[in-house]
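Everything on this sheet refers to the single structure shown next.
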There are 2 protein chains.
Amino acid sequence: MLSIGDLSKRTGVKVPTIRYYEQMGLLAAAERSEGNQRRYSRQDLERLAFIRHGRDLGLDISAIRELISLSQHPDHPCADADRIASDHLAAVREKIDRLKRLEQELERIVSHCDGGHSIEECYVIRALSDHNLCDSEH
Amino acid sequence: MLSIGDLSKRTGVKVPTIRYYEQMGLLAAAERSEGNQRRYSRQDLERLAFIRHGRDLGLDISAIRELISLSQHPDHPCADADRIASDHLAAVREKIDRLKRLEQELERIVSHCDGGHSIEECYVIRALSDHNLCDSEH
DNA sequence: CCAGGAAGCTCTAGTCTCTAGAGCTATGAA
DNA sequence: TTCATAGCTCTAGAGACTAGAGCTTCCTGG
């Protein structure tokens, strides 16, 4: 059995975050030692690694909760899991697109400014003040 | 003089958000009508448009606060404004990179899963359970 | 001139995913 | 036995809003 600190070290998830996941129902309430400290099994370790991995991939807690519940019905069809992942992929792609548009606009603004003159004529400030100086919507 | 609703319509910033910006010190506390309602001038409109534009570009409130304060010293050098924008650009690029790595990994996971089989053999679930199935760190 | 509804006001709490801190207790090695 | 480290619970804070309650002011039509 692992203490919460051990579990933290092995998964890279911080201690308060583990407690938070328990509170959110992602992890079952852990067994307790005589002194009321949490004790974790190998299964708990795997479950937490699963959660961590999902978070690293940017899935939100409710998606992970759903995936966990799906994973506990091995003979159900996997269409739902596929949909969660696909939806998330689509969301990631949208974010990338949006950020790329931002990147272009910022690039353009910054490239007009060499930092060597006064605020009065600073392109950064002027661009923010006047939307007409922008190339695209954002 | 504009009411808060007028200001909202003209800038596309929602009414509660305008009050929030006032509370955060981005907008000066507005003049009030006899009946204690906020009244805005053309300057306020421009200031809010500036803020909105900064937010649209993804700058956070403290960066915008700093830019506003810089913009009020027209003869200072603009190096600081340049740095804020450049830093932000760098942050945006980092986010893009990270999201692209996610995109690739998710793409790979999703492409292994056609939704047509059972959870037991679902690649989405298996990939989450087993980090070794991943191509890259994330 | 007044009714009624839209728009305004303040204040509080909720969103999401943690993170930090206070104040206390348990564990384990010297 | 001592004492540091690690654990416990509970509350609050972060950022950038958003929603709702309960109240007041404004404006228009009749």
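Residue numbers begin at 1 in each chain, while the letters A, B, ... track the order of the sequences.
Contacts between residues 9-21 of chain A and DNA chain C, defined by a heavy-atom separation below 4.0 Å, involve A:Lys14, A:Thr17, A:Tyr20, A:Tyr21, listed by number. Near DNA chain D, defined here as any heavy-atom distance below 4.0 Å, there are no residues from residues 85-94 of chain A. Only at 4.0 angstrom or more do the heavy atoms of residues 64-71 of chain B sit from any atom of DNA chain D, so none qualifies.
Nearest approach of B:Phe50 to A:Ile125, heavy atoms of both residues: CE1-O, 3.9 Å. In plain terms, the two heavy atoms of A:Ile109 and A:Val124 that are nearest each other are CG2-CA, 3.7 Å.
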Output a table of donor-acceptor pairs, distance under 3.5 Å, between side-chain atoms of residues 8-17 of chain B and any protein atom two or more places apart or on a different chain; print 'none' if there are none.
{"unit_1": "B:Ser8", "atom_1": "OG", "unit_2": "B:Val13", "atom_2": "O", "d": "2.8"}
{"unit_1": "B:Thr11", "atom_1": "OG1", "unit_2": "B:Leu7", "atom_2": "O", "d": "2.8"}
{"unit_1": "B:Thr11", "atom_1": "OG1", "unit_2": "B:Val13", "atom_2": "N", "d": "3.2"}

Listed pairs under 3.5 Å, donor-acceptor, residues 60-78 of chain A side chains, sequence neighbours left out:
{"unit_1": "A:Asp60", "atom_1": "OD1", "unit_2": "A:Ser62", "atom_2": "N", "d": "3.4"}
{"unit_1": "A:Asp60", "atom_1": "OD1", "unit_2": "A:Ser62", "atom_2": "OG", "d": "3.2"}
{"unit_1": "A:Asp60", "atom_1": "OD1", "unit_2": "A:Ala63", "atom_2": "N", "d": "3.0"}
{"unit_1": "A:Arg65", "atom_1": "NH1", "unit_2": "A:Met24", "atom_2": "O", "d": "2.3"}
{"unit_1": "A:Ser71", "atom_1": "OG", "unit_2": "A:Ile68", "atom_2": "O", "d": "2.7"}

What donor-acceptor contacts under 3.5 angstrom involve side-chain atoms of residues 35-46 of chain B, with partners at least two apart or in another chain?
{"unit_1": "B:Asn36", "atom_1": "OD1", "unit_2": "B:Arg32", "atom_2": "NH1", "d": "3.4"}
{"unit_1": "B:Arg38", "atom_1": "NE", "unit_2": "B:Glu22", "atom_2": "OE1", "d": "2.9"}
{"unit_1": "B:Ser41", "atom_1": "OG", "unit_2": "B:Gln43", "atom_2": "N", "d": "3.3"}
{"unit_1": "B:Ser41", "atom_1": "OG", "unit_2": "B:Asp44", "atom_2": "N", "d": "3.3"}
{"unit_1": "B:Ser41", "atom_1": "OG", "unit_2": "B:Asp44", "atom_2": "OD2", "d": "3.2"}
{"unit_1": "B:Asp44", "atom_1": "OD2", "unit_2": "B:Ser41", "atom_2": "N", "d": "2.9"}

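When each of B:Asp87, B:Ile84, B:Asp82 is tested with A:Val110 by the rule side-chain contact (heavy atoms from CB on, under 4.5 Å), just one qualifies, namely B:Asp82.
For B:Tyr123, the ring pair (Phe, Tyr, Trp, His ring centres under 6.0 Å) partners two or more places apart in sequence, or in a different chain, are B:His112. A search for salt bridge (charged side-chain N to carboxylate O under 4.0 Å, His left out) contacts involving A:Asp97 returns nothing, not counting sequence neighbours. Shown here are the salt bridge (charged side-chain N to carboxylate O under 4.0 Å, His left out) partners of B:Glu107, two or more places apart in sequence or in another chain: A:Arg93. Looking at residues two or more places apart in sequence or on another chain, you find no side chain to side chain contact (heavy atoms under 4.5 Å, CB included) involving B:Ala49.
Between the side chain of A:Arg55 and the main chain of A:Leu59, a donor-acceptor pair closer than 3.5 Å is present. Of the possible donor and acceptor atoms, none in the side chain of A:Asp130 sits under 3.5 Å from a partner among the backbone N and O of A:Ala127.
The shortest side-chain heavy-atom distance between B:Leu102 and A:Asp56 does not fall under the 4.5 Å cut-off. Proximity of B:Tyr20 to B:Leu26: side-chain heavy atoms (C-beta onward) are nowhere separated by under 4.5 Å.
B:Asp56 places its CG atom 14 Å from the C1' atom of D:dC17, with the value rounded to the nearest Å. Rounded to whole Å, the distance from CE on B:Met24 to P on D:dT18 is 14 Å. Taking atom CD on B:Gln23 and atom C1' on D:dC17, their separation rounds to 11 Å, with Å as the unit. Going from atom CD1 of B:Ile51 over to atom P of D:dC17 covers 10 Å, rounded to whole Å.
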Evaluation steps, salt bridge (charged side-chain N to carboxylate O under 4.0 Å, His left out), between A:Glu103 and A:Lys100: CA-CA 5 Å; A:Glu103 184 193 17; A:Lys100 276 192 178 162; over 6 Å; no

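Chain B approaches DNA chain C over the interval C:dG8 to C:dT10, counting the first and last nucleotide 5' to 3' with an atom under 4.0 Å from its heavy atoms.
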Protein-nucleic acid N or O pairs under 3.5 Å, nucleotides 26-28 of chain D:
{"unit_1": "D:dC26", "atom_1": "OP1", "unit_2": "B:Gly35", "atom_2": "N", "d": "3.2"}

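Of the two residues contacting DNA chain D, namely A:Gly5 and B:Leu59, the nearest-nucleotide position lying further toward the 5' end is that of A:Gly5.
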